[in-house]
2 protein chains.
Amino acid sequence: MTVTLKDVALRAGVSRSAVSRTFTEGASVSAKTRAKVEKAAIELKYSPNALASSLTTGRTKLIGLVSNNFHNPLFLEVFDLFTRGLQERGLRPLLVNLSAETDPANSVRMLRQYSVDGVIVASSTLPPSFAEAFRDVGIPVVHSFGRYTSSPHVHVVGIDNIACGRMAAAALVARGHKRVAFLGGPKGATSTEDRARGFLDALSAHPDIAVSVSYASAYSFDAGRAEMIRLLQDTPAEAYFGGDDVLSIGALSAIHDAGLRVPDDIGFIGLNDMAMARWQNINLTTIRQPIAEIIASSIDLVVGTIADPDRHPETRLFPCSIVERGTLRPLP
Amino acid sequence: MTVTLKDVALRAGVSRSAVSRTFTEGASVSAKTRAKVEKAAIELKYSPNALASSLTTGRTKLIGLVSNNFHNPLFLEVFDLFTRGLQERGLRPLLVNLSAETDPANSVRMLRQYSVDGVIVASSTLPPSFAEAFRDVGIPVVHSFGRYTSSPHVHVVGIDNIACGRMAAAALVARGHKRVAFLGGPKGATSTEDRARGFLDALSAHPDIAVSVSYASAYSFDAGRAEMIRLLQDTPAEAYFGGDDVLSIGALSAIHDAGLRVPDDIGFIGLNDMAMARWQNINLTTIRQPIAEIIASSIDLVVGTIADPDRHPETRLFPCSIVERGTLRPLP
DNA sequence: CAGATTTTTGCAACCGGTTGCAATTTTCTC
DNA sequence: GAGAAAATTGCAACCGGTTGCAAAAATCTG
């Protein structure tokens with residue numbers, strides 16, 4: 001059924017090595033044999049078996065793409081960019097959906113069985129130890145959207161969440177709000193922890209401003225809405241920094257339903273700038289995370305690490321910026 | 001660096017075959033050797049190379065998941081369900097992002113090189129010929145969200161788009177609307193063509209109702225909004241059937257911005273019932289497409305076809321139903 | 001055109017597994 | 001405990017490729 005090297009070799013009247021060589025970049029083949037082989041290959045519709053060759057070359061061109069964010073619309077953009085970026089370099093994404101799993105053991109085993117050349121962990125909630133589990137078994141790995149550490153054990157590409165927290169605080173302070181709050185994502189998420197830290201840190205310099213913090217159970221519309229509904233039962237703050245965009249959108253829906261107006265009664269700033277944030281019916285003021293750059297850089301890094309496995313772990317943080325839209329009142 | 005069968009065999013003091021057999025379901029190994037092998041395997045952290053074994057078994061457990069819908073939030077749900085469903089059966093999704101490509105040649109070549117056991121084409125816009133290209137080279141394939149044909153050449157799992165068009169028409173008719181319209185997705189998309197057909201077909205029985213049709217350039221917020229803005233320059237219809245949910249949400253934003261109220265001034269019904277449709281700030285009346293069933297059935301079918309490649313092509317259509325929310329006035 | 005150089009080629013071993021077969025060991029039967 | 005049946009085991013060939021090496025062919029040199 002399947003056409004192999006041998007079939008092509010037979011038909012072309014050459015050795016199997018000759019066939020292999022015509023399909024190997026930079027191998028030594030005369031124009032004459034190459035022609036014969038290519039002719040035979042086309043006639044037989046031959047296409048080389050990438051997995052068989054991986055056995056000797058040690059390269060599968062398979063990249064494990066591991067994520068646990070299959071409910072945040074931002075991640076559709078992330079998967080789009082990752083898959084396209086990988087494909088452009090001739091790499092194939094093997095997708096792993098972690099769901100609620102946080103133990104790397106299964107993913108590591110599975111991706112090792114498939115001899116992936118490298119792994120990209122795309123998650124803003126998993127701890128650094130997750131990606132480290134891949135490094136521990138010698139698989140090049142980069143953690144995208146991961147947490148910064150001063151002495152990283154694996155490559156991390158993302159944003160400075162602490163700085164983002166500060167940036168959000170500054171934006172609210174600049175607008176003269178006296179009661180502000182952080183409505184974070186799930187409490188254990190590294191990104192939420194860091195954003196909270198930066199936010200509180202920046203506000204500690206403003207003793208006249210009242211600050212509060214609470215957490216939604218997930219980076220999701222429903223969780224953001226539920227938490228905001230809870231907050232509205234008491235006296236809410238004047239302005240909120242939402243843990244991310246989708247959660248903020250959920251919170252805003254609760255605010256509208258309560259008959260309050262945005263940004264007059266309550267201001268909101270999100271984080272991510274996902275495509276939906278600029279939809280005219282959402283129009284969310286937010287902190288833009290440059291995901292295209294993060295992803296391109298992650299791919300670069302994993303490719304580089306495949307080429308040089310001893311490469312020193314690196315942290316690449318990209319600057320974020322505020323995108324002014326309609327959920328935060330203008331600067332005075 | 002990597003631990004192989006031989007290393008384990010050596011350490012356990014048995015033959016390579018014995019090691020292979022302990023890791024093969026249902027092979028003949030004594031409890032004693034199995035114990036020795038497992039001990040050695042654990043000590044060496046051995047895990048079998050799935051690709052090497054695929055060479056002899058002819059099974060990679062790799063499934064190509066091909067899609068061109070990386071901008072429609074519905075497809076995040078689709079990818080989530082597919083990846084989880086495949087993983088549960090021990091299958092690994094190799095993701096292919098078609099972007100704007102509509103020629104199957106590249107995907108076919110690539111997925112053949114990786115010896116995928118089967119392919120799932122997840123797209124409501126690609127023509128049947130796309131999936132057929134896989135069947136032509138002997139790869140089991142199912143087209144999810146594909147177009148129904150009476151004598152299919154490949155498996156198709158999805159909904160009856162023509163019936164959905166009729167259902168939408170009936171919903172608008174039942175509400176007494178006299179000027180209705182279909183605001184479709186991209187003109188070439190099979191799903192849009194069929195929905196338009198069903199819609200128009202059902203309305204042809206109502207000569208007193210004025211019908212019009214137009215097309216957005218994509219199943220996207222921006223395209224839906226742009227087309228609606230165009231429509232609002234003239235006299236718009238009283239009620240619209242939107243090609244899908246995300247496009248409908250875009251159209252609704254234009255309607256709101258024009259100062260018109262929904263559903264009083266203009267009614268809207270979408271299609272898909274993606275997660276966002278039930279967000280309280282969207283609250284879209286829509287036709288629910290049972291994606292979980294479609295996906296589970298697609299996986300069943302591809303697995304079944306891998307087991308029996310001569311299986312006759314099958315079309316499985318799932319019933320849709322209207323989900324009443326806030327964008328269509330209640331039945332009189 | 002002979003001899004030296006370079007390029008091309010095929011052989012054979014190998015990558016990490018699986019599997020049919022025959023030999024060996026274990027278990028069963030009486 | 002002997003003989004037959006069943007279970008286990010290792011050998012060796014194979015899956016579809018790649019690659020070092022030496023032989024063969026082509027090209028260059030004077």
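The separation between B/L51 atom CG and D/dT18 atom C1' is 16 Å, rounded to whole Å. Rounded to whole Å, the distance from CD on A/Q113 to C1' on C/dG17 is 13 Å. Atoms NZ (B/K6) and P (D/dA12) sit 15 Å apart, rounded to a whole Å. Rounded to an integer number of Å, the gap from B/D7 CG to C/dC15 P is 10 Å. Between B/L5 atom CG and D/dC15 atom P the separation is 18 Å, expressed in whole Å. Rounded to an integer number of Å, the gap from OH of A/Y114 to C1' of C/dG16 is 15 Å. Rounded to a whole Å, the CD atom of A/E25 is 15 Å from the C1' atom of D/dT18.
Salt-bridge annotation for A/R316 and A/E314: present, with a side-chain N of the basic residue lying under 4.0 Å from a carboxylate O of the acidic one. A salt bridge does not link B/D117 with B/K61: every distance from a Lys NZ or Arg NE/NH1/NH2 to an Asp or Glu carboxylate oxygen is 4.0 Å or more. Note on A/E88 versus A/R84: no salt bridge recorded, every NZ/NE/NH1/NH2 to OD/OE distance being 4.0 Å or above.
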Mind listing the N/O atom pairs, protein and nucleotides 7-10 of chain C, below 3.5 Å?
| from | atom 1 | to | atom 2 | distance (Å) |
| --- | --- | --- | --- | --- |
| C/dT8 | OP2 | A/S28 | OG | 3.1 |
| C/dT8 | O3' | A/S30 | OG | 3.4 |
| C/dT9 | OP1 | A/S30 | OG | 2.7 |
| C/dT9 | OP1 | A/T33 | OG1 | 2.7 |
| C/dT9 | OP2 | A/S30 | N | 2.9 |
| C/dT9 | OP2 | A/T33 | OG1 | 2.8 |
| C/dG10 | OP2 | A/S15 | N | 3.0 |
| C/dG10 | OP2 | A/S15 | OG | 2.9 |
| C/dG10 | N7 | A/R21 | NH1 | 3.2 |
| C/dG10 | O6 | A/R21 | NH2 | 2.8 |

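Note on B/S20: a side-chain N or O is less than 4.0 Å away from OP1 or OP2 of C/dT18.
Under the rule for a side-chain contact (heavy atoms from CB on, under 4.5 Å), B/T56 has no partner lying at least two apart in sequence or in another chain.
Here A/T2 lies in heavy-atom contact (under 4.0 Å) with sugar-phosphate atoms only. Contacts of A/Y46 with the nucleic acid, taken as non-hydrogen atoms under 4.0 Å apart, involve only primed sugar atoms and P, OP1 or OP2.
In terms of position on DNA chain D, the residue among A/S54 and B/L55 whose nearest nucleotide sits closer to the 5' end is B/L55.
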*Should A/N161 and A/S191 be marked as a side chain to side chain donor-acceptor pair (under 3.5 Å) after you check the CA-CA gap, both sets of side-chain angles, and the distance that decides it?*
CA-CA 6 Å; A/N161 282 302; A/S191 51; 5.3 Å; no

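Comparing C/dG17, C/dC15, D/dG16 by their nearest atom to the side chain of B/P48 picks out C/dG17.
Expressed to the nearest 0.5 Å, how far CG of B/L86 lies from CG of B/L65 amounts to 7.0 Å.
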Enumerate donor-acceptor pairs with a distance under 3.5 Å from any side-chain N or O in residues 69-79 of chain B to protein atoms, sequence neighbours excluded.
| from | atom 1 | to | atom 2 | distance (Å) |
| --- | --- | --- | --- | --- |
| B/H71 | NE2 | A/D80 | OD2 | 3.3 |
| B/N72 | OD1 | B/L74 | N | 3.1 |
| B/N72 | ND2 | B/D244 | OD2 | 2.8 |
| B/E77 | OE2 | B/A275 | N | 2.7 |

